[in-house]
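None of the values given here were measured: they were computed from a predicted structure. Naming: A, B, ... by sequence-line order, numbering from 1 per chain.
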Protein chains: 2
Amino acid sequence: MPSIKDVAKLAGVSIATVSRVINNSGKVSPEKRSRVIEAIEKLNYQPNLLARGLRQQKTRLVGCLVPDVENLVFARLAKYLEEFLSARGYSVILCNTNNDKNKERNYLSVLVQRKVDGIIFSRVSDESILFMSSYFRQVPYVVLDRTLEIEFAPTVKLDNFLGGFLAARHLVELGHRCLACVTGPLKIRLCRERLEGFREGLKVAGIDLRNEYIVESDFKINGGKEAALRMLATGNLPTAVFAHNDMMAFGVMQAFRSEGLDIPRDISVVGFDNIPLCEVVSPSLTTVAQPFEEMARLGVELLDSLIRGEKVTQKVMVVKPYLVIRSSTAPPRVA
Amino acid sequence: MPSIKDVAKLAGVSIATVSRVINNSGKVSPEKRSRVIEAIEKLNYQPNLLARGLRQQKTRLVGCLVPDVENLVFARLAKYLEEFLSARGYSVILCNTNNDKNKERNYLSVLVQRKVDGIIFSRVSDESILFMSSYFRQVPYVVLDRTLEIEFAPTVKLDNFLGGFLAARHLVELGHRCLACVTGPLKIRLCRERLEGFREGLKVAGIDLRNEYIVESDFKINGGKEAALRMLATGNLPTAVFAHNDMMAFGVMQAFRSEGLDIPRDISVVGFDNIPLCEVVSPSLTTVAQPFEEMARLGVELLDSLIRGEKVTQKVMVVKPYLVIRSSTAPPRVA
DNA sequence: CTGTTAGCGCATTCAC
DNA sequence: GTGAATGCGCTAACAG
């Protein structure tokens, strides 16, 4: 591996001049510049980013923590984060925490040791945040998709209440009066928000969301199936179901269909997330879409500003979900 | 950020002693050791891995190139790679090339500049490999899931021919005599291998795979749909279909079902990959499973050996796929 | 056992 | 414009 010295020697200049050429800083005579460029190409020289980082005290590295890359939601988020970060000249260390607090802790430590310029957290546990808090003044960070209880934490989040509300309004407008909600784990704040938004959407139409129509589940497809089966078991079916994510909605649809019900003729289903699969299943799934790309873009912009030390006035950004109407929702059958 | 100097000062020892404690190298008196440890904790000192990497000429960083993290196959692979690599003390820079040759090129360059200890390629283009070849003697690498035409390239790959063969044998054993294959892009070698394996599996049963029953597609769900519709259009339906991945198999199932056909009563379908969705769709999908975890494990082991400079006798490893029989396959209806 | 020192590769003063 | 010298934080070689 050639170093800057080798280039300098070959070009017959000092390493300072080579550095100036590489970084386009300072004045260099055209002649020496071309000699340096020639040497660089001849040696196939690549600057050592470790050394540069050590010297400059910045690395153009950003760490991204996600709970599960196999989850389509986070795969998507990760993809966009990476795309926008690399467009701004950052490399990304992607850390899959697997929802494991110890892994989170470890990764945070590793990222700090590797001197990342910033960190983007997505849905980490409060414990990790606590652990991380000792670094909070040392390394810029942005929290994505999850609100922290920490004041002033720079955050990009979805208006989950609105998401639930949109689902409710859509179903009410179709004429549904008997609705159910399959939630994610209610210990997660965003689930509570989605539920409350849904409840409010019904309330403004004069409909009560009865407790027996709230089924708590786990964001997984099988959880959705089980939730639907539980409803079937009561014999008291709603005419429409709102699930807190698309996977559970798929499970709900499958369970109902396996019992001979037709979607949406017998029961309408609304999901949440708008993962690509929504449009390919049949019937295609009406869902509350999360603007992942926008969230990633905002998160990256925010982090970049923080890293560059720019003054950031708005540290908490809330993005709006929107409804994508497909074929899984329809007016209820006339009773 | 405290440095080793601060620790040394606080503990009243030299930086060499601190280094010895950190790395557990050399002998240090118990007393000084505990003083150092105390200082480290007090200052919340974290070693600077840039400096260490620069000094040691190794970083414990590994770069992983995948074509598309949103694709469940690669998300899975990436997850396992990360898991096994971090278990061995490596951090991972995950690069999503988005099937873009320029991004591949860029990433390779970045990884080299960041002095990664090794690289794991998954399904990169031949062009990138060409570009990379200038580094091949400088940085250890392993090719996953795709064979290169380069001699001696360390590789972990699937026996794709066997995969096709297994699918064929299963269907033939069920009694099918009229079979079709929905392939991925045939310019990709592994698709040709899967197809040939399938053909051979039929051949040993005395069945010819007729050309009109080979439909080339694109690995996507919609591609599968279209392929099925094309078959329907000919009016000459097979009794079983083998698709080169699960997503296309889902598309095939959907298209057939939307035309009133029943899976597996009217038509059996076999997929490839064994993504988690296989067991949750209905009917659940019989498929040729790729042992992603094993591939990742072998790839990481191989790379680690290479990095450590161990002598590696077997540089090309071929892993075997296996059949997972679910509900999408059944004997054909009696003609 | 322990401390001093050199140097990894680079950007950045500061003289000239 | 240009080069010599310094130091980022660390490990390793060496001397004691």
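Atom CD1 in A/Ile4 sits about 11 Å away from atom P in C/dG9, given to the nearest Å. Rounding to whole angstrom units, CD of residue A/Gln113 and P of D/dC8 are separated by 20 Å. Spacing between atom CZ of A/Arg114 and atom P of D/dG9 amounts to 18 Å, rounded to whole angstrom units. Spacing between atom NZ of B/Lys5 and atom P of C/dT5 amounts to 13 Å, rounded to whole angstrom units. With rounding to whole Å, B/Asn23 atom CG is found 13 Å from D/dA13 atom P. Rounding to whole angstrom units, NZ of residue B/Lys27 and C1' of D/dA15 are separated by 20 Å. In this structure, the CE atom of A/Met1 is 11 Å from the P atom of C/dG9, given to the nearest Å. The interatomic distance linking A/Lys58 (NZ) with C/dA11 (P) rounds to 12 Å, in whole Å.
Residues from residues 48-57 of chain A with heavy atoms under 4.0 angstrom of DNA chain C, sorted by number: A/Asn48, A/Ala51, A/Arg52, A/Arg55, A/Gln56. Non-hydrogen atoms lying under 4.0 Å from DNA chain C are contributed by B/Val13, B/Ser14, B/Ala16, B/Thr17, B/Arg20, all within residues 6-21 of chain B.
The number of heavy-atom neighbours closer than 6.0 Å to CZ of A/Arg297, taken from other residues, nucleotides and ligands shown, is above 12. Heavy-atom contacts from other residues, nucleotides or ligands closer than 6.0 Å to CD of B/Glu38 number 12 or fewer. For A/Gln56, the CD atom is densely surrounded, since the number of other residues' heavy atoms within 6.0 Å is greater than 12. For A/Arg105, the CZ atom counts as loosely surrounded, since its 6.0 Å shell holds 12 or fewer non-hydrogen atoms of other residues, nucleotides or ligands.
The side-chain tip of B/Arg76 does not point at the ring of B/Phe292 from less than 6.0 angstrom away and within 45° of straight on.
At least one side-chain heavy atom of A/Val300 sits less than 4.5 Å from a side-chain heavy atom of A/Arg88.
Note on B/Lys58 versus B/Asp117: no salt bridge recorded, every NZ/NE/NH1/NH2 to OD/OE distance being 4.0 Å or above. By the 4.0 Å N-to-carboxylate-O rule, B/Glu83 lies too far from A/Lys103 to be salt-bridged with it.
Taking the nucleotide of DNA chain C with the nearest heavy atom to each of B/Lys32 and A/Tyr45, the more 5' of the two is matched to B/Lys32.
No hydrogens or angles considered: a donor-acceptor pair under 3.5 Å links the side chains of B/Ser91 and A/Arg114. For the 3.5 Å distance criterion, the side chains of B/Tyr90 and B/Asp304 qualify, holding a donor opposite an acceptor.
Rounded to 10°, the helix from C/dC1-D/dG16 to C/dC16-D/dG1 has 50° between the axis fitted to its first five pairs and the one fitted to its last five.
Interatomic distance, B/Arg33 CZ to B/Arg35 CZ, rounded to the nearest 0.5 Å: 13.0 Å.
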